[in-house]
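Lettering follows sequence order; numbering is per chain, from 1.
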Amino acid sequence: MRIVMMGTGTFAEPTLEALLAGPDFLVGVFTQPDREGVQKRGSTRQVGRGMKEIAAEKGVPVFQPASVNSPEGVAMLRGLSPDLLVVAAYGQILSKEALAIPTQGAINVHGSLLPKYRGAAPVARAILNGETETGVTIIRMSAGLDAGEMLAKESIPIADETAGELEAKLAPIGSRLALQTIARMKAGPITGEKQDLALVTKAPKLTKEMGLIDWSKPAEQVCRQVRAMQPWPTAYTYLHRPGKVPLRAIIYSAVEYPVRCDPRLQPGTPIREWHRDPGELFIAVAEELPGEERGVVQILELQPAGKKRMTAEEFLRGYPLKDGDRFGPETPI
RNA sequence: CGCGGCGUGGAGCAGCCCGGUUAGCUCGCCAGGCUCAUAACCUGGAGGUCAUAGGUUCAAAUCCUAUCGCCGCAA
């Protein structure tokens, strides 16, 4: 069987490697065009070895059209005369015309338990919404975003991973399911399960603004945001100090602290009297569901603008907090 | 030449704009003390070519130039 793979990033790479090691003939790899400057100094996105490099090692031709749906892109694909298309996190929606080229159709490796979380950012969205489990679904590609019938599915629990960590766990599951599905397809026609339209939810791309922390949200929600926004766009906030320019800081790690604090505190206020141990940085957040008491988030790791990533203890030594200091979403002008 | 921040004892920072006393703070480390005890407290100590190279000056961590390195933004 002649296979063409399309994908990008760490989520797609295990599948590419599996296909290269597998029994079928990988005739070409499509990946996104090289982004300018990305390789210069570590991207904000997760980039493993790179699809291009992995494919090149095995002498598999690589194609990077700006759009597969353009006449050029379609021509590239047609020129390979594939039997099957395997897509994982490619980032482009394939046109009907492109999907019609492979004789056996196309399958997609998707990082959620479909029909939930259709779209570009299923892993981060699942964490953000407090799901307790997620998984990988293999679907037959059809018109419509992630709407095809399901051919295989496997779930795993969500613990306290960041989006990047969770994706790294899902990727190998996806590659395994993809190979199994291909093997079944070769054995004969297979039928999948239709997605229940009533259960469909969308997982749109994340934006940079979604990383801005609103300290008036409940503690659990703030912590989920911190995990979901990694490695991109990262959760961030500003430290406001009287007479000083607001300091932007990326929050890398934060946990809910199971104690309530004075309800009169403004959300985002560091609770200094609790900082007995120099490594502890507690922040007051919104009131929990009922009652007036406020929840607390403990920041463990962060990175002030222009500095490297550091522990809360290190941060507090260099930026001792005083009365009137507060974390908040307000941007410097 | 895409934009910006930063390089100060082991860690994190201040000092730099407005050059000039022993380069400071919060920690860590070593020794001793107090204590039933401690991550607490007290005393003493080691540890710094202020990234590097030039320049300006009577005098440079501080001003100017270049180089190297780290980081953020550009999703």
What integer number of Å spans the [atom1] atoms of [N] and [M]?
{"N": "C50(B)", "M": "C3(B)", "atom1": "C1'", "value": "28 Å"}
{"N": "A46(B)", "M": "G9(B)", "atom1": "C1'", "value": "10 Å"}
{"N": "U56(B)", "M": "U62(B)", "atom1": "P", "value": "15 Å"}
{"N": "G7(B)", "M": "A14(B)", "atom1": "P", "value": "7 Å"}
{"N": "G10(B)", "M": "G48(B)", "atom1": "C1'", "value": "12 Å"}
{"N": "C68(B)", "M": "G28(B)", "atom1": "C1'", "value": "29 Å"}
{"N": "U49(B)", "M": "A23(B)", "atom1": "C1'", "value": "14 Å"}
{"N": "A66(B)", "M": "C13(B)", "atom1": "C1'", "value": "28 Å"}

Could you provide the dot-bracket string of RNA chain B, using ( ) for intrastrand pairs, [ ] for crossing pairs and | for bases paired to another strand, with Watson-Crick or G-U pairs below 3.5 Å? .(((((((.[[[[.)....(...]]]].(((((.......))))).....[[[[[..)....]]]]]))))))..
Using 0.5 Å steps for rounding, measure from the OG atom of S70(A) to the CD atom of Q92(A). 8.5 Å
Check every atom of C13(B), C27(B), G72(B) against the side chain of M310(A) and return the nucleotide holding the closest atom. C13(B)
For [X] and [N], what is the distance between atoms [atom1] and [atom2] respectively, to the nearest whole Å?
{"X": "L212(A)", "N": "C73(B)", "atom1": "CG", "atom2": "P", "result": "14 Å"}
{"X": "L239(A)", "N": "G12(B)", "atom1": "CG", "atom2": "P", "result": "18 Å"}
{"X": "L281(A)", "N": "C27(B)", "atom1": "CG", "atom2": "C1'", "result": "16 Å"}
{"X": "Y319(A)", "N": "G15(B)", "atom1": "OH", "atom2": "P", "result": "11 Å"}
{"X": "K322(A)", "N": "C13(B)", "atom1": "NZ", "atom2": "P", "result": "15 Å"}
{"X": "E313(A)", "N": "C13(B)", "atom1": "CD", "atom2": "P", "result": "13 Å"}
{"X": "E209(A)", "N": "A75(B)", "atom1": "CD", "atom2": "P", "result": "11 Å"}
{"X": "L302(A)", "N": "G12(B)", "atom1": "CG", "atom2": "P", "result": "13 Å"}

Inspect the contact between [Y] and [X] and indicate whether a charged nitrogen and a carboxylate oxygen are less than 4.0 angstrom apart.
{"X": "K169(A)", "Y": "E165(A)", "value": "no"}
{"X": "R176(A)", "Y": "E154(A)", "value": "yes"}
{"X": "D24(A)", "Y": "R2(A)", "value": "no"}

Quick check against the 3.5 Å criterion: does E57(A) have a side-chain atom that pairs as donor or acceptor with the backbone of I54(A)?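 It does not hold such a pair.
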Check: R227(A) side chain, E161(A) main-chain N or O, donor-acceptor pair, under 3.5 Å: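 Answer holds: yes.
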Between the protein and nucleotides 6-11 of chain B, are there any N/O to N/O pairs under 3.5 Å, and if so, what are the atom names and distances?
residue : atom : partner : partner atom : Å
A11(B)  : O2'  : E314(A) : OE2          : 2.7

Geometric class of the F327(A)/F315(A) ring pair [parallel <30°, tilted 30-60°, perpendicular >60°]: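 Tilted, since the angle between the ring planes falls between 30° and 60°.
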Select from K208(A) and G318(A) the residue whose nearest nucleotide in RNA chain B is closer to the 5' end of that strand. G318(A)
RNA chain B: A305(A) or F315(A), which has the more 5' nearest nucleotide?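 Nearest-nucleotide comparison on RNA chain B picks A305(A).
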Shortest non-hydrogen contact from G9(A) to M51(A)?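 G9(A) and M51(A) have their closest heavy atoms at N-CG, 4.2 Å.
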V297(A) and C223(A), any side-chain heavy atoms less than 4.5 Å apart: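 With C-beta onward as the side chain, the pair touches.
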Contact check, side chains of I107(A) and M141(A), non-hydrogen atoms, under 4.5 Å: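 No, their side chains stay 4.5 Å or more apart.
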